[in-house]
Number of protein chains: 2
Amino acid sequence: MPLMRARTRSPIRRRRAGSNAIALSDVARAAGVSTASVSRALNTPELVSENVRAAVQAAVTRLGYIRHSAARALASRRSMTIGAVVPTIAYSIFSAGVEAIERRLEEAGYALLIATSDYSLERELRQVRILLERGVDGVILVGRYHRPELARMLQERAIPYVCQGAYEAEGPHPCVGFDNHAAMASMAEYLLGLGHRRIAMLAGISADNDRVIDRIAGARAPLNRAGLDFVPGGLVESRYDVAEARLAMKRLLALRPRPTALLCVNDVLALGALFEARAEGVAVPAELSITGFDDFDFARNVEPPITTLRVPAPEMGRGAAEQLLQRLMGQSPPQATLLPTTIIARGTTGPAPAG
Amino acid sequence: MPLMRARTRSPIRRRRAGSNAIALSDVARAAGVSTASVSRALNTPELVSENVRAAVQAAVTRLGYIRHSAARALASRRSMTIGAVVPTIAYSIFSAGVEAIERRLEEAGYALLIATSDYSLERELRQVRILLERGVDGVILVGRYHRPELARMLQERAIPYVCQGAYEAEGPHPCVGFDNHAAMASMAEYLLGLGHRRIAMLAGISADNDRVIDRIAGARAPLNRAGLDFVPGGLVESRYDVAEARLAMKRLLALRPRPTALLCVNDVLALGALFEARAEGVAVPAELSITGFDDFDFARNVEPPITTLRVPAPEMGRGAAEQLLQRLMGQSPPQATLLPTTIIARGTTGPAPAG
DNA sequence: TTGTAGGCGTTATCAC
DNA sequence: GTGATAACGCCTACAA
């Protein structure tokens, strides 16, 4: 009996440093009930008598007890935490989405761990690994493209996930979003309808980015159907930054003959294009029509207000959270949810100039 | 020996549902070492032999082991998680700060739990309570004003915290930021120096918001020294939203005689003011000078570019994270860190019109 | 409805 | 440098 020996040798009970915080057992003692009852009173009050509930409640407030979620997570095998990986939160479309996710999760008692991928799928994968270490119960991603290991890791651990901001009816990933291809196609058709034939495109960096790729292809489709394409040299990529967009726009404005219309992949790019056009003395929309994408705050307030396409960012965030919560409760929501987008015609577009 | 009895009764070892994931003990078995050695190989590799390190490493990758941070948190009494409460992440100044915080924390192996207060101190307090339940090791807040219970809760649990975006040399809270009063005072002096005497102010909602209050007082100070004040009816509050700012600006433009200069509490408000002025045909800066605050992306790109005051948002975020990390490592960084701001004179300000 | 007690996956203490 | 093994604070199957 080596155990006895050990006990005999060091009769003083071993204690780890710094366990000073009030624990559930302290509440139990104060309330004169068992720890199980305290746990139940806190988590499933309907399973406990009125007396116990009141006593526990009183003890909790008196002692200022705060639950220890690491211990809960360990024992219950659920962390009540969701992870989200977004490209950046510095662009209002994403931050609006994240805020919506957070609000919905908060209602359900979940916390949100946010990580940024900086538009890199490799970094996205690393971030998901970190989120898994953190024991998230579910994951929210952006877009259709992901490293194959990512889904594998998630599926192996049976961690539900939802991709937001894109839509793919038959795709491998659950998603809630809109059809980027169709949306941009409708914008291109709108320009064609205005009589434009010389059309250019200011895109984001397409590497790793399905939304950009879909939007470029979406713009091209109706052009091709009309026997057209972007003007030669008329497809330029730029980071999502007004200053960079202006630089890219410089190149587009140097094309001869100049395009009469420009499709931008988002509103930041459109804003940069608009500023640069104005600085170069190019009249918008008289000489050049410009379209945005997203409908962020400033789109409607610049002069002229930007014609753009409203993207349902908060609805997507809320929808993604909702779908994840349903999965977490064992339900089977639809694999893909399609949200609508609308073209908002404002002041930066007009009929193609004559000639 | 009741234990023996129990064992005899149910000889099959009890197993909780779903403990399917690979645990550290699995790695230990695979590597042929003890769990203690695995733990050491992972956390303090310098304390184990090369052999053990290699064997553990191999087993980890072969099994696809991922650490269980709840268990780590429980055993080590540190969650390696920091909480941050910001008013909103939908405004680029805050999202830039949050991104900077996140980057620095990531380097140090900490995760960031983000919560929003929506500019309410009450909600901020609730969010901190939730963060404490989550077992955060430290907290980052915004501003000087907080509910007294907040600091008490944090101090009771010895959770370090830092307030960001404001500066108070002798204040009760550790902080890293700049002096809102002084910054806005310098802007007011700048306008006085341009000869303006009829000055108005477009402020944010001042309730619960020390930054707004400090900036209003800061603007007033040099005016008062010059025997002036805002023009009657010339102090208006608005939410941080371009549309709302335009509404507020309408009232300011209706004042007679009209102010010749307007101090805005941030760039969003300045942008709204600028748009509204233009819509009303008021020439900026010929008839009216407008100043912003923050220097967000669009400030330099609108036409005319906005005169504003650069706020070191990423530096504050990084600095706050840094200071917290130091506290977590048992160091004692300065209680208050002051960061510089600079006026950036651009196109929305000019000399006061004659007469 | 309530209590008992084992186990969740790690870390850290102790002994070697 | 390494191994054995008590905690860590809570949840929950089971028994009463």
Side-chain angles (χ1 to χ4, degrees), chain A residues 2-7 9-29 31-53 55-56 65-80 133-135, chain B residues 2-3 5-7 9-10 12-29 31-53 55-56 65-80 133-135:
Chain A
L3 205 67
M4 285 299 282
R5 280 261 302 274
R7 274 271 169 72
R9 275 230 200 105
S10 55
I12 292 114
R13 182 132 158 291
R14 249 209 264 162
R15 266 246 142 210
R16 288 277 256 280
S19 56
N20 33 19
I22 286 121
L24 182 140
S25 56
D26 299 318
V27 176
R29 200 171 317 117
V33 299
S34 71
T35 57
S37 287
V38 176
S39 178
R40 280 188 288 252
L42 260 29
N43 300 317
T44 49
E46 67 276 13
L47 295 184
V48 133
S49 72
E50 183 53 44
N51 286 338
V52 170
R53 209 178 314 159
V56 168
Y65 170 68
I66 290 193
R67 293 134 90 134
H68 192 301
S69 63
R72 296 185 73 191
L74 187 57
S76 68
R77 314 185 59 77
R78 296 186 315 151
S79 67
M80 297 301 283
E133 276 199 8
R134 296 280 164 184
Chain B
L3 204 67
R5 280 261 301 274
R7 276 269 170 74
R9 273 225 205 112
S10 53
I12 293 116
R13 181 130 160 291
R14 248 212 266 164
R15 268 241 143 210
R16 288 277 256 279
S19 55
N20 33 19
I22 285 119
L24 183 140
S25 56
D26 298 319
V27 175
R29 199 171 318 118
V33 299
S34 70
T35 58
S37 287
V38 177
S39 179
R40 280 189 288 252
L42 261 27
N43 301 318
T44 50
E46 65 278 12
L47 294 185
V48 298
S49 68
E50 183 54 45
N51 286 339
V52 170
R53 209 178 314 160
V56 168
Y65 169 68
I66 290 193
R67 290 133 83 128
H68 193 302
S69 64
R72 297 187 72 192
L74 187 57
S76 68
R77 314 184 59 77
R78 298 184 317 150
S79 68
M80 298 300 282
E133 276 199 8
R134 294 281 163 183

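Residue numbers start from 1 in every chain, and the chains themselves are labelled A, B, ... in the order their sequence lines are given, proteins ahead of strands.
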Would you indicate what A:Ala23 reaches in the nucleic acid, counting non-hydrogen atoms under 4.0 angstrom: base, sugar-phosphate, or nothing?
sugar-phosphate
Taking the side chain from A:Thr35 and the backbone from A:Ser25, do they hold a donor-acceptor pair closer than 3.5 Å?
-> no
- Query: So does A:Arg40 reach the base of C:dG3 with its side chain, donor to acceptor, closer than 3.5 Å?
  - Reply: yes
At 4.0 Å (heavy atoms only), tell me whether B:Ser69 reaches a base, stays on the sugar-phosphate, or touches nothing. nothing
In the structure I gave you, are the side-chain heavy atoms of A:Val27 and A:Arg67 within less than 4.5 Å of one another anywhere? no
From the candidates C:dT10, D:dT12, C:dT2, the one with an atom nearest any side-chain atom of A:Val48 is C:dT2
message = Under 4.0 Å from OP1 or OP2 of C:dT4: is there any side-chain N or O of A:Ser34 that close?
response = no
The reported gap from CZ in B:Arg72 to CZ in A:Arg134 (rounded to nearest 0.5 angstrom) is 8.0 Å
Separation of D:dT5 atom C1' from B:Leu24 atom CG, nearest Å, is 14 Å
Value for OG (B:Ser79) from NE2 (A:His68), rounded to nearest 0.5 Å, stands at 8.5 Å
query: OP1 or OP2 of D:dC10 less than 4.0 angstrom from a side-chain nitrogen or oxygen of A:Ser25, does that happen here?
result: no
field: side-chain N/O B:Arg77 vs D:dG9 OP1/OP2, d < 4.0 Å
entry: yes
Walking DNA chain C from its 5' end, the first of B:Arg78 and A:Val33 to be reached, judged by nearest nucleotide, is A:Val33
Review point. Across the strands shown, which category fits A:Ser49 at heavy-atom distances under 4.0 angstrom: base, sugar-phosphate, nothing?
Key: sugar-phosphate
Whole-Å distance, A:Arg53 CZ to C:dT2 C1', equals 14 Å
